[in-house]
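Labels below follow one simple rule: chain letters A, B, ... track the order of the sequence lines, proteins then strands, and each chain is numbered from 1.
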Amino acid sequence: MAKFKHFLVAAPYYLWIGLFVILPIGLIFIYSFHDLNGHFTLNNYLNFFKNSTYLLMAFNSLCFAIIITFISLIVAYPIAWIISKFQNSRDFLILLVIMPMWINLLLKTYAFIGIFSRNGTLNNLLANLGLGRHQFLFTDIAFILVAVYDQLPFMILPIYNSVIAINHSLINASYDLGASKTQTFWRIIVPLTLPGIKSGVQAIFIPSLSLFMITRLIGGNRVITLGTAIEEHFLSTMNWGMGSTIGVILIIAMILIMLLTKESK
Amino acid sequence: MAEKTIVELKNINVIIDDLQILKNISFELETGKFYTMLGPSGSGKTTILRVIAGFSQPTSGEVFFNGKKINQLPPNKRKINTIFQDYALFPNLNLFENVAFGLRLQHKHNSEISDRVSQILDLVQLNGLEKRSVEELSGGQRQRVAIARSLVLNPKMLLLDEPLSALDAKLRKKMQYELRNLQQRLGITFLFITHDQEEALAMSDFIFVINNGEILQSGTPVDIYDEPINHFVADFVGQSNIIDGTMIRDFVVNFVGKTFECSDAGMRHNEPVEVVLRPEDLDITEVKKGKLTVKVKSQIFRGDYYEIIAYDEDHNKWLIQSTNPVKDGAIVGINFDPEDIHVMRFGEKEQEFDARLETYED
């Protein structure tokens with residue numbers, strides 16, 4: 001009876017996970033073994049690994065994801081650290097970090113088009129300063145910048161949480177035992193904030209592998225990643241099988257990254 | 001400045017947000033002694049420690065270490081180590097690495113590090129636990145790791161911020177002995193912070209009693225216990241009966257309407273004073289043999305003695321320690337010797353107090 005009750009309470013969650021997690025992944029998996037005509041095939045996978053375009057895309061995605069994650073990390077860490085120092089106003093400052101997350105990604109991306117375009121804010125400013133107009137939109141740098149901007153809160157928040165959890169007497173103890181500020185940072189603070197860094201890296205690296213909207217709007221489709229490839233296959237070429245194959249490969253990559261960055265305890 | 005002085009504080013004031021945490025603190029600490037800073041929480045004793053360690057800057061005043069002014073020296077450059085109240089062991093490092101932390105910073109060779117660490121772990125009896133995570137250790141073990149982590153650096157001085165307050169009563173007693181032993185064997189100066197007067201009396205060579213950011217009295221445990229300077233010290237250090245009285249003349253004091261011979265002098269005639277009688281100095285006797293007559297209100301068995309609460313005819317409360325029980329409600333006499341009476345003047349400062357004692361004590 002107790003078991004049945006337990007099942008009843010949990011049922012909506014099982015149903016949710018079944019319908020919206022397991023079923024879609026299962027479908028992607030099944031689709032990945034079908035060709036354009038709906039016949040079973042292994043060609044999608046063979047294609048992926050034989051065709052240099054796909055491998056290059058995978059490599060591209062990986063490189064961009066690494067760069068985006070790394071830049072986010074070195075920007076987010078000092079921000080999180082500085083915010084944690086403001087004893088009285090840090091809740092408000094964290095709110096400022098969270099606020100952009102409430103704005104739709106598409107809107108933020110369009111705002112950047114306004115800033116970066118040929119006649120945009122940035123170019124107007126440069127022109128007024130006599131530095132001339134430059135091409136910002138549709139460059140790799142613009143793509144990375146917007147991707148970092150968009151995902152930065154996901155890096156700041158976990159690091160901030162691990163920073164404020166540090167017992168301050170540990171830092172004093174480190175000084176007391178003769179450590180300089182730099183030594184204390186590398187030997188005590190970084191190891192103690194490592195869980196925050198890891199969750200931040202997971203939260204940014206994995207989605208960065210499959211970005212497609214920013215790639216398209218800011219990268220101008222010059223930056224071809226696995227994310228844009230999936231979008232293309234599903235919406236343009238209607239090759240759902242190939243799209244799904246890339247999806248499965250991304251899922252496997254994500255699982256690998258989760259395994260690599262999980263707590264080693 | 002004495003030759004053996006290791007630390008000197010001169011007119012230290014600490015003001016934080018308009019609040020005076022320390023008021024003109026000055027003292028000298030000699031090499032190799034066990035000092036205790038005794039005071040209630042919020043008295044400023046931890047701030048004194050932080051000023052010496054370098055975690056807090058005094059608003060004014062000077063800190064000297066081995067004769068050199070160290071106000072500007074950061075904590076990592078001071079040859080003073082601190083044992084923190086919560087031990088502050090690094091959770092990311094195991095026991096060995098916690099102890100080795102300071103040596104690693106000095107880039108010592110691995111062989112030297114492991115030699116020195118195992119030596120110090122022998123000393124604090126933690127050998128064999130090197131690979132343990134510090135989170136698996138008991139309170140007493142953590143305490144020892146914190147001590148080992150500091151001692152391995154051969155500090156000239158150790159500051160201990162209420163290090164025993166998190167331990168249970170029995171372990172606390174044991175660690176009191178261990179700390180005292182360690183200090184005497186190594187000859188390092190200890191400055192121990194506590195709010196526990198028993199701990200202070202048991203462990204120290206010298207005690208500073210501090211309240212509201214001021215040092216009220218300093219001296220050996222016996223001095224402070226036997227001759228407290230004022231009501232606060234008498235009340236805070238040990239148990240006391242504190243009664244209002246009048247100093248008739250030298251060596252004669254009046255309280256509870258009676259006149260007694262005492263061993264204090266140097267006050268004005270008929271000066272109003274407070275009189276301290278320790279509960280263990282009071283002996284219960286027959287009414288006619290007693291100097292005072294009291295009625296027993298209640299008593300508690302404390303194991304090694306009975307704590308008796310009684311009232312005299314003037315409704316003054318008397319705390320008495322006795323090895324034998326008495327009957328509740330019984331009327332008994334209490335007896336004491338002239339030297340058991342300690343007379344305190346109102347508002348007397350430590351210097352005046354010491355000077356007055358000089359005039360009549362041999």
With under 30° as parallel and over 60° as perpendicular, where do the rings of A/Tyr149 and A/Phe112 fit, or are they tilted in between?
-> perpendicular

What residues of residues 144-162 of chain B sit under 4.5 Å from chain A when you count only heavy atoms?
-> B/Arg149, B/Ser150, B/Leu153

Report yes if the distance between the aromatic ring centroids of B/Phe190 and B/Tyr35 is under 6.0 Å, otherwise no.
-> no

Heavy-atom distance under 4.5 Å to chain A: side chain of B/Leu103, backbone, both or neither?
-> neither

Less than 6.0 Å separating the ring centroids of B/Phe27 and B/Phe206?
-> no

Residues of residues 85-97 of chain B with any heavy atom under 4.5 Å of a heavy atom in chain A | B/Asp86, B/Ala88, B/Leu89, B/Phe90, B/Pro91, B/Asn92

Side chain from CB out, backbone as N, CA, C, O: work out which of these in A/Ser174 comes under 4.5 Å of a heavy atom of chain B, or both, or neither.
-> both

Compute whether any side-chain donor of one residue and acceptor of the other, for B/Arg132 and B/Asn98, lie under 3.5 angstrom apart.
-> no

Will you find, in the side chains of B/Thr194 and B/Asp196, an N or O donor that is under 3.5 Å from an N or O acceptor?
-> no

Heavy atoms, side chains only, cut-off 4.5 Å: are B/Leu121 and B/Glu130 in contact?
-> yes

Looking only at heavy atoms, which two atoms of B/Ile207 and B/Ala200 are closest? And how far apart?
-> CD1-O, 3.6 Å

Under 4.5 Å from a heavy atom of chain A, the part of B/Arg50 involved = side chain

Main-chain N/O of A/Asp176 paired with B/Asn81 side-chain donor or acceptor, under 3.5 Å = yes

Any luck finding a side-chain donor-acceptor pair between A/Thr245 and A/Tyr54 under 3.5 Å?
-> no

Chain B contact via A/Asn167 - side chain, backbone, both or neither, heavy atoms under 4.5 Å = side chain

Quick one: are the ring centres of A/Phe143 and A/Phe64 less than 6.0 Å apart?
-> yes

Side chains of A/Tyr45 and A/Ser32, donor plus acceptor under 3.5 Å = yes

